[in-house]
Structure formats: structure tokens, C-alpha cells
*Asks:* 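I'd like to ask you about the structure that follows.
Residue numbering restarts at 1 for every chain, and letters A, B, ... go by the order of the sequence lines. Note: hydrogens, waters and symmetry copies are ignored here, and every other heavy atom, side chains too, is used.
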4 protein chains.
Amino acid sequence: MSDFKEVIETLRKFRDDRDWNQFHNPKDLALAINVEASELLELFLWKNWDEANKDKVKEELADIFAYAFLLAEKYEFDVKEIVFEKIQINTEKYPVEKAKGTAKKYNEL
Amino acid sequence: MSDFKEVIETLRKFRDDRDWNQFHNPKDLALAINVEASELLELFLWKNWDEANKDKVKEELADIFAYAFLLAEKYEFDVKEIVFEKIQINTEKYPVEKAKGTAKKYNEL
Amino acid sequence: MSDFKEVIETLRKFRDDRDWNQFHNPKDLALAINVEASELLELFLWKNWDEANKDKVKEELADIFAYAFLLAEKYEFDVKEIVFEKIQINTEKYPVEKAKGTAKKYNEL
Amino acid sequence: MSDFKEVIETLRKFRDDRDWNQFHNPKDLALAINVEASELLELFLWKNWDEANKDKVKEELADIFAYAFLLAEKYEFDVKEIVFEKIQINTEKYPVEKAKGTAKKYNEL
């Protein structure tokens, strides 16, 4: 079994053991990802990046991954595939010769 | 090579080809995850969950994964490991007998 | 009429002229605030604070205020009152002698 | 003194009594608004809008207003003016005859 499948299977079991699928519609999963993303953000608030607590970053990042995998599962997305598709799109939006060394958005390049 | 490693390697190559590592400090990566999480959220705004555009959900979710993997790479976190560690923590916070069928937070159970 | 009332009245008229009250339940207004807050955040992404475009900051901040006022209107909160109440709470959480010059959260003081 | 000025003056005094201006650069204020917006969002997570705790909504909304006013203060924006300017922009983006009764974005009208 691939790593992705193994993680998703484990998350699904955790969820179903608690009968939580009833709450996990995609809209609320999107909310959950935002809530966790903000808890990650808070670890850097009023600080330089190297002052954030690494163990807490680990936990909040894990929460983001967990809900992101559960949302992927809902739509039956293959995570590796959708990330590779998006990299392909971004390769066209951000050609190396234009995008190299600049943080500008594609519509400002 | 594991799926996770393969995705991270591909993202790293995309980033380094564009010389973007200089912008990718953990604080800004946390910002980027939040920006992408909100773009996902916007797809559900003023709508029921089943009215969101599935193709756009796919793209925004891929962006969240991409920045989440790049942040994991920064800290050299093993994604499978940190998700499994968090599931372990949540198994203790949300024991099946207490958490089954309720969406309450652990501190309200 | 107070400034707050005048702003809320103008926003309410804009909303009702378009028959948008039907979409503006508090949950979606909370989503909207998050979406706008992230658009503000994106103006600072990969940048120092003084590199953000001031005119765009103005627009995004105005959007946040607009939805925040519309949510206050839904619950019939008096904005001045709720902000003053919260300052009172924070005055107790962050007593000057403990909080002065530190960015720590109240539970770490 | 206008309501807005009174609120901003009170927030500024609270901040300066604690010598917190040193942390309040616009980028971190934008982060703070996002963190508070997400705490508001969490009150609606896995719930219908009418199941959220109204007292907590009041507190989180007050926090959003507080940081939004402090960011406005940084840039010396007049809050009433910037909201009215944005309503003017939106009046053009969303003409009544096109936007009435639909939640579509202006670029889809």
C-alpha cells in the first residue's frame, strides 16, 4: 500500500470509529483546514520565524494534513496526482526564465 | 521511493529551479498555507457544500498540500510520522466511548 | 447618528438593494471575514511589511470591516460596546505590570 | 469625538500602556486579524449557524474589530472613509440590476 493510502486509511478508521463522518461534509472540512492553518499561523505571530516552537509547528501541520487528506478522501482525489497536476499548471504559469528569483504573482510577471 | 518523498522531491525541484527557497521561510510558508486554505474556503462561500466547483476544489487543495509539504521539508518532518503521532495524541484526547457521535471539542466532552 | 450606525446603515442598504440578506447567515459571514482577512494577508506574502501595496491594504481592510459590521448587525451587537467589553477582559488578562514589553500570551505570562 | 476615533484612542492607549507597538507592524497585525477571524470561524465548525455560542461570537468579533482598527491606525486610514470608498467600488462591480438575488462573484455576473 502506498504511503498516502496508508495515512488516509488510518484517518478514515479514526473518523469512523467515532462516527464523525456525519459532520465531515466538504464545507466544514474546508473550515477545519482553515482553523488548523490559523493555529499554525499563530505560532509565528509577533515573532521571527525561528522563534516559533518546532514541536507545536509539527502538531499543527499534522492537523492540516489530516483534514486535507480527509477532504481528498471525500472527493476521491488521488493526492499525488492532484499535486502533480497543479505543479504542471504552475510550470506554465511560472516559466523558469520569467519567474526565477522573483516572488511576483504570475499576473505581474 | 515513497510517495511522500517523491512529491516533496518534485516540489523542491520546482522551487529550486525558480530560486524561490530564499522566500520560503517557515513564517511565510505558514502565511501561504493560510492564503490557499482561504481560497479553498471561498469556493464554499454562500453555498451548500455540493454547489462548490469540484475542479477548483481539487486545485486549491493541491496548493494547500504543496505548501504543507514544503513546510514539512523545511523542518525535515516525516509527514507520515507526524500525522500518525497526531492521531495517537487525538486517540487519547477523543476516546471512542466519549467522542462517538458528537462534534464537541475534547475540553467539552 | 453615530459613525458606526451610519456605516452599518449604508452597508445594510447596499445589501438589501441586492437582496443578499438571504445569503448572509452568520456562518457564511464568518467565512467571508476569513476570505477577506486572507486577501489582506496575501498582500504581505513573501514580503517585508513595508513592501505591501498600501492602496490594496486599504481595500482589503475595508472588506473585512464591511463583513464584520454586517455580522455585528445580524446579532444586533453595538460595536463600540463589544470592543470596550473586550478591552476590559483583556485588561484583566494582560495586567500592565506583567504584559509590558512582552508578546507572550496571557497563559504564558 | 467620533465613535471610531474614541475606539481607536482606547485601543491605542491599551497597546501603548503595554509597550506593544514594537510588535504591531502591519504584517503581524494582518496575521492577528487572520488568527482572530479563524477563532470566530471555529465557533461555527461542524454546526449550523444558529448553534454557535453568541457570547463567544461577540468576543471573537470584538477581537477582529480591535486588530482591524489598530491596522487602520497604523496606516492612518479613516475607517468610515475607506468603507464608503469600498462600497462605491462595489456599487460599480455589482450593479443592482445584475447582482440582485444572486451570490455570484462580479466576474461571473
*Asks:* Please check this pair: side chain of C:Lys58 against backbone of D:Ile82, looking for a donor-acceptor N/O pair closer than 3.5 Å.
*Replies:*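 Looks like no, no N/O pair under 3.5 Å.
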*Asks:* Could you give the distance from CD (D:Glu51) to CG (D:Leu45), rounded to the nearest 0.5 Å?
*Replies:*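 The CD atom of D:Glu51 sits 11.5 Å away from the CG atom of D:Leu45.
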*Asks:* Do you know which of C:Leu61, C:Thr10, C:Asn48 has the most heavy-atom pairs under 4.5 Å to chain D?
*Replies:* C:Leu61
*Asks:* C:Ile64 versus chain D, heavy atoms under 4.5 Å apart: side chain, backbone, both or neither?
*Replies:*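 The answer is the side chain of C:Ile64.
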*Asks:* Can D:Glu73 and D:Arg15 be counted as an ion pair, charged N to O under 4.0 angstrom?
*Replies:* yes
*Asks:* If the threshold is 4.0 Å, N to carboxylate O, is there a salt bridge linking D:Arg12 and D:Asp16?
*Replies:* no
*Asks:* Among D:Ser38, D:Pro95, D:Ala52, D:Ala66, which residue has the highest count of heavy-atom pairs closer than 4.5 Å to chain C?
*Replies:*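 Most pairs with chain C among the choices: D:Ser38.
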*Asks:* Does any backbone or side-chain atom of C:Glu59 lie under 4.5 Å from a heavy atom of chain D? Answer side chain, backbone, both or neither.
*Replies:*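 Contact with chain D involves both backbone and side-chain atoms of C:Glu59.
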*Asks:* Identify which part of C:Lys5 has an atom lying under 4.5 Å from any heavy atom of chain D, answering side chain, backbone, both or neither.
*Replies:* neither
*Asks:* Can you tell me if NZ on C:Lys104 sees more than 12 non-hydrogen neighbours from other groups inside 6.0 Å?
*Replies:*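 Counting neighbours around NZ of C:Lys104, 12 or fewer heavy atoms of other residues, nucleotides or ligands fall under 6.0 Å, so no.
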*Asks:* Please rank C:Val7, C:Asp19, C:Leu40 by heavy-atom pairs under 4.5 Å with chain D and give me the top one.
*Replies:*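 Looking at each option in turn, the highest pair count goes to C:Val7.
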*Asks:* When rounded to the nearest 0.5 angstrom, what distance separates NZ in C:Lys13 from CZ in C:Arg18?
*Replies:*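 That separation rounds to 8.0 Å.
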*Asks:* Nearest 0.5 Å, what's the CG-CG distance between C:Asn25 and C:Leu71?
*Replies:* 10.0 Å
*Asks:* Using non-hydrogen atoms and a 4.5 Å limit, figure out which bit of C:Thr102 sits close to chain D: side chain, backbone, both or neither.
*Replies:* backbone
*Asks:* Please state whether the side chain, the backbone, both or neither of D:Glu85 comes within less than 4.5 Å of a heavy atom of chain C.
*Replies:*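 For D:Glu85, the side chain is the part near chain C, not the backbone.
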*Asks:* Quick check on D:Phe14 against chain C: is it the side chain, the backbone, both or neither that has a heavy atom closer than 4.5 Å?
*Replies:* side chain
*Asks:* For C:Phe4, which atoms come within 4.5 Å of any heavy atom of chain D: side chain, backbone, both, or neither?
*Replies:*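 Both backbone and side chain.
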*Asks:* Which bit of C:Asn90 comes within less than 4.5 Å of chain D, counting heavy atoms only: side chain, backbone, both or neither?
*Replies:* both
*Asks:* Just checking, C:Lys27 and D:Phe44: is the charged tip under 6.0 Å from the six-membered ring centre and within 45° of the axis?
*Replies:* no
*Asks:* Which bit of D:Ile89 is near chain C, if near means a heavy-atom gap under 4.5 Å: side chain, backbone, both or neither?
*Replies:*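 For D:Ile89, the contact with chain C is made by the side chain alone.
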*Asks:* Run the side-chain contact (heavy atoms from CB on, under 4.5 Å) test on C:Phe77 and D:Val57 for me, step by step, so that the C-alpha distance in whole Å, both residues' side-chain angles and the decisive distance to 0.1 Å come before the verdict.
*Replies:* CA-CA 10 Å; C:Phe77 293 147; D:Val57 169; 4.0 Å; yes
*Asks:* Pick from C:Leu11, C:Asn34, C:Val83: which one has the most heavy-atom pairs with chain D under 4.5 Å?
*Replies:* C:Asn34
*Asks:* CG/D:Asp3 to NZ/C:Lys80 distance, rounded to the nearest 0.5 angstrom?
*Replies:*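 These two atoms lie 4.0 Å from each other.
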*Asks:* Under 4.5 Å heavy-atom distance to chain C, tell me which part of D:Lys98 shows up: side chain, backbone, both or neither.
*Replies:* neither
*Asks:* Please classify the contact of D:Tyr75 with chain C as side chain, backbone, both or neither, using a heavy-atom distance under 4.5 Å.
*Replies:* both
*Asks:* Is D:Asn21 in contact with chain C via its backbone, its side chain, both, or neither, using a 4.5 Å heavy-atom distance?
*Replies:* neither
*Asks:* When rounded to the nearest 0.5 angstrom, what distance separates NZ in D:Lys74 from NE2 in D:His24?
*Replies:* 8.0 Å
*Asks:* Quick one: which of C:Ile33, C:Thr91, C:Leu31, C:Leu29 has the most heavy-atom pairs under 4.5 Å with chain D, could you say?
*Replies:* C:Thr91
*Asks:* If I measure from the heavy atoms of chain C, does D:Phe69 come under 4.5 Å with its side chain, its backbone, both, or neither?
*Replies:*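 The answer is both parts of D:Phe69.
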*Asks:* Applying side-chain contact (heavy atoms from CB on, under 4.5 Å), run through C:Trp20 and D:Tyr94 and close with a yes or a no.
*Replies:* CA-CA 11 Å; C:Trp20 284 353; D:Tyr94 295 95; 3.7 Å; yes
*Asks:* Considering only heavy atoms and a distance below 4.5 Å, find which of C:Ile87, C:Asp50, C:Leu43, C:Asp28 pairs most often with chain D.
*Replies:* C:Ile87
*Asks:* For chain D, which of C:Glu60, C:Lys86, C:Glu81 has the most heavy-atom pairs under 4.5 Å?
*Replies:*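 Option with the greatest count: C:Lys86.
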